[in-house]
Amino acid sequence: MFRIGAPPLRATAQEVTHMAAGKKAKNVARSAKGKAKEATGRAAGNESLEAEGRAEQMKSDAKQTVQKGKDTLKH
């Protein structure tokens, strides 16, 4: 049933663009964090921290690729 004042079931194009921008910003931040961890690990000689940083970067890259694919399908 529908309620008065209930949110719409579909997001507007502007809302979708805003959501995508937020996700992209998160992925860029995650990538930067991964690069910092990798550099710190390399400088400290901590292979575990260095590998963790590389893993974060790869995860961020994968999410960015998925987001770009979604953006391509929307337009």
Side-chain angles (χ1 to χ4, degrees):
M1 296 213 148
F2 295 101
R3 295 180 295 144
I4 296 175
L9 297 176
R10 295 181 136 205
T12 64
Q14 185 178 14
E15 290 171 332
V16 170
T17 302
H18 180 69
M19 286 188 289
K23 288 180 182 180
K24 288 177 187 177
K26 267 187 173 179
N27 289 330
V28 169
R30 180 177 283 129
S31 181
K33 182 179 171 186
K35 286 179 184 180
K37 276 188 180 182
E38 182 181 10
T40 302
R42 189 177 299 125
N46 185 338
E47 292 178 12
S48 175
L49 186 60
E50 189 176 347
E52 188 178 324
R54 279 194 303 272
E56 276 191 39
Q57 289 177 65
M58 290 188 333
K59 184 176 179 180
S60 172
D61 291 343
K63 287 187 178 225
Q64 284 176 349
T65 301
V66 169
Q67 190 61 43
K68 285 179 183 178
K70 285 181 181 180
D71 288 348
T72 300
L73 293 175
K74 288 178 189 174
H75 299 284

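Basis for what follows: all heavy atoms, side chains included, without hydrogens, waters or symmetry-related copies.
Every residue meeting the salt bridge (charged side-chain N to carboxylate O under 4.0 Å, His left out) condition with Glu38, not counting sequence neighbours, appears here in chain and number order: Arg42, Arg54.
Lys26 places none of its side-chain heavy atoms less than 4.5 Å from the side chain of Lys63.
Without hydrogens or angle criteria, Ser60 side chain to Glu56 main chain gives no donor-acceptor distance under 3.5 Å.
Atom CD in Glu52 sits 8.0 Å away from atom NZ in Lys33 (nearest 0.5 Å). Lys23 contributes atom NZ, which lies 4.5 Å from atom NZ of Lys70 (distance to the nearest 0.5 angstrom).
Closest approach of Asn27 to Gln64, counting heavy atoms only: CB-CG, 3.5 Å.
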